[in-house]
Every structure is written in structure tokens, then in C-alpha cells.
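First the proteins, then the strands, lettered A, B, ... as listed; each starts at 1. Below, each value reflects all heavy atoms present in this structure, side chains not excepted, and no hydrogens, waters or symmetry copies.
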Amino acid sequence: MPESFHRRVISIIKKIPRGKVATYGRIAVLAGNPRAARQVVRALHSSSEKEKLPWHRVVNARGRISLKPGSGYELQKALLEKEGVDFDETDRVDLELFLWDSGRSDRG
DNA sequence: AACCTGACTTCGG
DNA sequence: TCCGAAGCCAGGT
């Protein structure tokens with residue numbers, strides 16, 4: 001039997017390389033449920049701290065941080081910038097540049 | 001079980 | 001691009 005969706009999400013997020021980001025929807029797809037973007041959020045709340053997940057590398061489909069200012073927004077942005085992820089003048093990330101291309105090797 | 005909520009996504013204007 | 005509405009699934013009350 002396959003692992004639970006939740007476990008899949010945890011495993012996938014832990015694989016996001018430094019300096020890259022992934023979207024909730026992307027993670028949901030990789031975990032096997034394209035409609036479960038919201039469940040990805042639950043997984044984060046459930047294990048972001050205990051599993052030491054790179055939660056800050058997860059942004060929404062528009063390449064923006066979904067957290068609210070004062071509620072983790074600035075923290076996430078700061079963590080990403082420290083990894084080399086650049087933000088737009090409107091605090092957006094260029095997904096064509098920083099979206100985690102799962103399946104692609106670092107060589108090439 | 002019903003209702004509400006959530007770090008979402010897609011569609012139409 | 002921004003806004004509002006609908007769709008989606010699961011957990012807490």
C-alpha cells in the first residue's frame with residue numbers, strides 16, 4: 001500500500017533544493033493528489049517544525065508568499081533571500097527561474 | 001453528521 | 001494584475 005498523502009508531502013518538501021521554491025499545487029501533484037494543495041498546508045502545520053521541513057521554500061501558484069505580514073511573511077522572505085532566491089518589486093518570485101524542477105539533475 | 005476554517009487553485013470579469 | 005466566486009479535501013468544534 002502507498003504511504004499516506006501526508007507522509008508523501010513531508011518527504012517531497014524535504015527534497016526541495018536550497019535556492020529553489022515549490023508551489024503547494026506542485027507538491028500536491030507530486031504526492032499524487034493534484035487537488036490536495038490545501039492538504040499540503042495541513043502537512044506543513046503538522047510537521048513543519050517537528051520534521052525540520054524547509055517550509056519557507058513553499059509558495060503559492062503565483063510565486064508569492066501566502067503568509068500574512070507579521071505572521072511569518074517577512075521570515076519566509078528573509079529565509080529565501082538568504083538562499084539566493086530573488087524577489088520582484090512586488091515581492092514575487094520568478095517561478096521560471098526558481099521553481100524546483102523535480103526530476104532534473106543538478107548536472108546539465 | 002453539520003458547519004466553519006485554512007500558508008490553495010482555477011475561472012470569469 | 002487584481003478581485004470575487006466556485007471547487008477542492010481534511011481536521012477541529
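To the nearest angstrom, C1' of B:dG6 lies 16 Å from CH2 of A:Trp55. In this structure, the CG atom of A:Leu44 is 10 Å from the P atom of B:dC8, given to the nearest Å. As a whole-Å value, the separation of A:Lys68 NZ from B:dT5 P is 12 Å. Taking atom CG of A:Asp91 as the reference point, atom P of B:dA7 lies 19 Å away to the nearest angstrom. Counting to the nearest Å, the C1' atom of B:dA7 and the CD atom of A:Glu51 are 18 Å from each other. One can place CG of A:Leu99 at 15 Å from C1' of B:dT9, the figure rounded to the nearest angstrom. Note: CG (A:Leu30) to P (B:dT9) measures 13 Å, nearest angstrom.
Take A:Leu79 and apply the side-chain contact (heavy atoms from CB on, under 4.5 Å) test, not counting sequence neighbours, and it matches A:Trp55, A:His56, A:Leu75. Residues meeting the side-chain contact (heavy atoms from CB on, under 4.5 Å) test with A:Ala31, sequence neighbours left out: A:Phe5, A:Arg8, A:Val9, A:Ile12. In this structure A:Ser71 satisfies the side-chain hydrogen bond (donor to acceptor under 3.5 Å, both in side chains) test with no other residue, sequence neighbours excluded. Partners of A:Glu51 by salt bridge (charged side-chain N to carboxylate O under 4.0 Å, His left out), not counting sequence neighbours, listed by chain and number: A:Arg7. Partners of A:His6 by side-chain contact (heavy atoms from CB on, under 4.5 Å), not counting sequence neighbours, listed by chain and number: A:Ser4, A:Ile10, A:Ala43, A:Ser46, A:Ser47.
Taking side-chain N and O atoms only, A:His45 has no distance below 4.0 Å to OP1 or OP2 of B:dG6.
DNA chain B is contacted by no residue of residues 70-87 of chain A, taking any non-hydrogen atom closer than 4.0 Å.
Using a 4.0 Å heavy-atom distance criterion, A:Arg64 is classed as a sugar-phosphate-only contact.
Rounding to the nearest 0.5 angstrom, the gap separating the CZ atom in A:Phe98 from the CG atom in A:Leu80 is 9.5 Å.
Under the 4.5 Å side-chain criterion, counting only non-hydrogen atoms from C-beta, A:Val21 is not in contact with A:Trp100.
The stretch residues 15-30 of chain A participates, sequence neighbours left out, in no side-chain hydrogen bond (donor to acceptor under 3.5 Å, both in side chains) pair at all. Sorted by first and then second residue, the pairs that involve residues 63-79 of chain A and meet salt bridge (Lys or Arg N to Asp or Glu O under 4.0 Å), not counting sequence neighbours, are A:Lys77-A:Asp91.
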Under-3.5 Å N/O pairs linking protein and nucleotides 8-13 of chain C:
residue	atom	partner	partner atom	Å
C:dC9	O4'	A:Gln39	NE2	3.0
C:dC9	O2	A:Gln39	OE1	2.6
C:dG11	O4'	A:Arg42	NE	3.2
C:dG11	O4'	A:Arg42	NH2	3.1

